[in-house]
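Each remark here refers to the structure printed beneath this line.
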Amino acid sequence: MGEAQRRLLGYRSALLEPPMAVPSVSTLLTARLVEAVRVAGLDGYDIAVERLAPTSKAGFGDYQSNHAMRLAKAVGQPPRVVAERIKQALEADEAIARVEVAGPGFLNLHLKDEWLCQRLALQCEDPAGGVEDSGQGRTVVIDYSSPNVAKRMHIGHMRSTIIGNALHRLYQASGWTVLADNHIGDWGTQFGMLIVAWRRWLDPVAFEADPVGELERLYVAFREAASGDAGLEDLARQETARLQAGDPDNQTLWKRFVAISMAEFQGVYDRLGVQFDMTLGESFYNPELPGVVESLLGSGLAEESEGAVVVRFAEDAAEKSVRGRTLVIRKQDGAFLYGTTDLATIEHRLASWAPARAVYVTDGRQQLHFQQVFAAWKAWRQARGLDPQAIELVHTWFGTLKLPEGMMSTRKGNVIRLVELLDEAVRRARAVVDEKSPSLDEAERASIAEAVGLAAVRYSDLSQNPQSDVIFDWDRMLAMDGNTAPFLLYSYARCRALQRKGEVQQPGVQALAVSHPLEAALVRQLLRLPDVVAAATEGHRPNLLCDYLFDTAQAFNRFYYEQKVLQAESEALRASRLALVEASARVMGRGMELLGLRPLGRM
RNA sequence: GCAGCCAUAGCUCAAUUGGAUAGAGCAUCGGACUACGAAUCCGAAGGUUAGAGGUUCGAUUCCUCUUGGCUGCGCCA
């Protein structure tokens, strides 16, 4: 079966099966294109039917197809002739006002306003907001945030937390069963150091005031002391070994460190609206690690080398970046590494939940590591006679966040704490709220500032391509003008303000109609939400949704500026424009929620 | 040395993954409020998409090379 037919069947079944209550405009039009190609007698060629997309320019109609140009060579006819044949078969459609063949063979579809308004009403009344549930029946594990115990979260943890959480929300919206796992760093040699430092240098008063801050200070103090005293390192190793052997005193201390740290993390998560389904840190997998190494040794994939156990990748390995490299899974001293843990983690996830996919949201510097782990795991599965494709492993990495002076380092102490960043954001938002909305009472202004400030931080991170590096800059991170979260929030609040002022009891979208080009543009823009969410989810790119929401807010503001809503020229116009306001609010509100921004009725 | 990522307006970034005349924000300049919220809107100016080849109807996007930058590469995570 060719790709075209596969896709064709996919679209057809998608239209017939009940779970997808409201197909998007592009889904409907693509299905109609497939049908038109068939009617025109042009099917049967093994050419993928590309999804119809909005045109790049308003003058080219509403949606365009480039299919004729792809088909031309296979058919052996000029693209414009092919386009004409498809056009004939397409024009009878109830949704389509007219079709134009343009340029080398573009099919430009002009759609009927009435039909689009009907689609928008259906989209808005759909509980899912018209977002197609393409993940229905599938489970995805999303591994994100993953801070280290005994350290306060700094801005280096921000991207994984914010991007990971946006992906979490996007996957849920697309119908996936999502299991969010916070794979915290709660195990390893640093605990021996901390235990030594705790017993020697703990400042109980400082600990009382800021527990995790004191743990951090102890860690730094240890590093400093150890640089002039090799004996300390040995001591730390002994304590780590004791901890791992189950020594009760060390276990108690370790558990305390973990609990204290989790409480601190939770404060940040609560503010950011981040929730995990589970927090299975490195320590959780500890009992499995000897078995992992034994199994890899037994299957011949791992070997001993210089006292350690390593997996070597062949020079002709399928994954180019892994060729000739080695992954150490047990150190000379018998300790395991995080690669070992990652292998055990995949096994555990597969055995427990059988997810179709696992997504790791980390810094791009870990690319090689994950490629090695994934390759090793697949080889290991194969060696055991198991399906190496049982789970789709995806490392969705993001660019490094750097300070202008260079890399951040806990050891050097040049970190900006996440809490500081959030507080500063709220402070700056508060100044703007006080200036713009002095009439609101103190409590409401505080609440608005919290939402606006946090939204600004979040949006500044989400609104660019995740994979580009970021140089940290206060003013940029906390900007409140232009393409920022406050602009989106403001646009949404305007909708709600109109409804308050108009005393609209139950805002609805049934009266939707178009009476002006700006309204036509807004309706079309609002209808794109489902496709954008799908693209942002599959591409792991929340910035696509940010771009879309910014465009949507601009389209709304243009409409708002130009058209009277409450004082419309007639009752019918007032009703249709109020419906358009409600539709805008629903689309913008839903989009913001998918990014983790809390829409405000007033600001 | 090997591998990965990147180079687009003065600055920060987009470009529906190969589509039509490369778009936004900020900054600059010029306009629009006795107000359905100006945290807004309209306009101007700003480009050889690092460079050179190639693939094809069509390239910012794919391939090769060059230049320049970031990152990673056996016992940290």
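Since we're looking at a predicted model, the values are computed, not measured. Letters A, B, ... mirror the listed sequences (proteins, then strands); counts begin at 1.
At a threshold of 4.0 angstrom between heavy atoms, the contacts of A/S321 are confined to the sugar-phosphate backbone, with no base atom among them. Among the protein residues, A/Y338 comes within range of the nucleic acid bases, having at least one heavy atom under 4.0 Å from a base atom. Among the atoms of the strands shown, none is found under 4.0 Å from any heavy atom of A/M480. Counting non-hydrogen atoms under 4.0 angstrom, A/R325 reaches a base of the nucleic acid. Contact annotation for A/A479: no contact, since no heavy-atom pair falls under 4.0 Å across all strands. Among the atoms of the strands shown, none is found under 4.0 Å from any heavy atom of A/L489. Residue contacts shown for A/S146 are absent, as no nucleic acid heavy atom lies under 4.0 Å away.
Under the 3.5 Å distance criterion, the side-chain polar atoms of A/R323 are matched with a main-chain donor or acceptor of A/A317. Side chain of A/D186 to backbone of A/V258: no donor-acceptor contact under 3.5 angstrom is found. Between the side chain of A/N148 and the main chain of A/K151, no donor-acceptor pair closer than 3.5 Å is present.
Salt bridge A/R430/A/D434: present, at least one basic N to carboxylate O contact under 4.0 Å.
Considering CG of A/N543 and OH of A/Y459, their distance stands at 9.5 Å, rounded to 0.5 Å. A/D62 contributes atom CG, which lies 9.5 Å from atom CG of A/N108 (distance to the nearest 0.5 angstrom). Note that CG of A/D551 is 11.0 Å distant from SG of A/C546, once rounded to the nearest 0.5 Å.
Between A/Y560 and B/G37, a side-chain N or O to OP1/OP2 separation shorter than 4.0 Å is present. For the OP1/OP2 pair of B/C57 and a distance below 4.0 Å, the side-chain nitrogens and oxygens of A/K73 include at least one atom meeting the criterion. Of the side-chain N and O atoms in A/R558, one or more sit less than 4.0 angstrom from OP1 or OP2 of B/C42. Remark: A/T55 is not in phosphate contact with B/U16, judged by side-chain N or O atoms under 4.0 Å from OP1 or OP2. Between A/K57 and B/A20 there is no side-chain N or O to OP1 or OP2 distance below 4.0 Å. Applying the 4.0 Å criterion to OP1 and OP2 of B/C70, one finds that A/R365 has every side-chain N and O outside that range. A close approach under 4.0 Å does not occur between any side-chain nitrogen or oxygen of A/K501 and OP1 or OP2 of B/C36.
Here the P atom of nucleotide B/U12 and the CZ atom of A/F550 are 18 Å apart, to the nearest Å. Counting to the nearest Å, the P atom of B/C76 and the CG atom of A/D333 are 8 Å from each other. Separating the CG atom of A/D469 from the P atom of B/A7 is a distance of 11 Å, rounded to the nearest angstrom. One atom, NZ of A/K436, and another, P of B/A39, lie 4 Å apart when rounded to the nearest Å. The distance from atom CG of A/L518 to atom C1' of B/U40 is 14 Å, rounded to the nearest whole Å. Atom pair A/R330:CZ and B/C76:C1' shows a separation of 19 Å (rounding to whole Å applied). Counting to the nearest Å, the C1' atom of B/A38 and the OH atom of A/Y561 are 9 Å from each other.
Listed nucleotides: B/G25, B/G74, B/U40. Nearest to the side chain of A/Q554: B/G25. Across B/A3, B/C75, B/A14, the shortest atom-to-atom separation from the side chain of A/Q332 is found for B/C75. Among the nucleotides B/U12, B/G74, B/A14, the one closest to the side chain of A/R476 is B/U12.
Look at B/U34: it lacks any Watson-Crick or wobble partner with both distances under 3.5 angstrom. Pair assignment for B/G46: none, as no Watson-Crick or G-U wobble contacts are both less than 3.5 Å. Figure legend. B/C65 is base-paired to B/G51; pairs are counted as Watson-Crick or G-U wobble with both atom distances under 3.5 Å. Across all strands shown, B/A9 remains unpaired; no Watson-Crick or G-U wobble contact has both distances below 3.5 Å. Remark: B/G18 base-pairs with no nucleotide in the shown strands. Criterion, Watson-Crick or G-U wobble with two distances under 3.5 Å. When Watson-Crick and G-U wobble pairs are counted only if both distances are under 3.5 Å, B/C73 pairs with B/G1.
For B/A39, its base never sits under 3.5 Å from the side chain of A/Y490 at any donor and acceptor pair. A donor N or O paired with an acceptor N or O is not found under 3.5 Å between the base of B/U16 and the side-chain atoms of A/R541. In this model, a side-chain donor or acceptor of A/E306 finds a partner on the base of B/C75 within 3.5 Å. Judged by atom type and distance alone, A/N66 does not reach the base of B/A20 through any side-chain donor-acceptor pair under 3.5 Å. Interface remark: the A/S56 side chain does not form any donor-acceptor pair with the B/G23 base, using a distance-only criterion of under 3.5 Å. Side-chain atoms of A/Q64 come within donor-acceptor range of the base of B/A20, with a qualifying N/O pair under 3.5 Å.
Ring orientation note: the planes of A/W187 and A/W254 are nearly perpendicular, at an angle over 60° on the 30°/60° scale.
Base orientation for B/U17: syn, the chi torsion being within 90° of 0.
Position along RNA chain B of the nearest nucleotide to A/W187 versus A/D551 favours A/D551 as the more 5'-ward residue.
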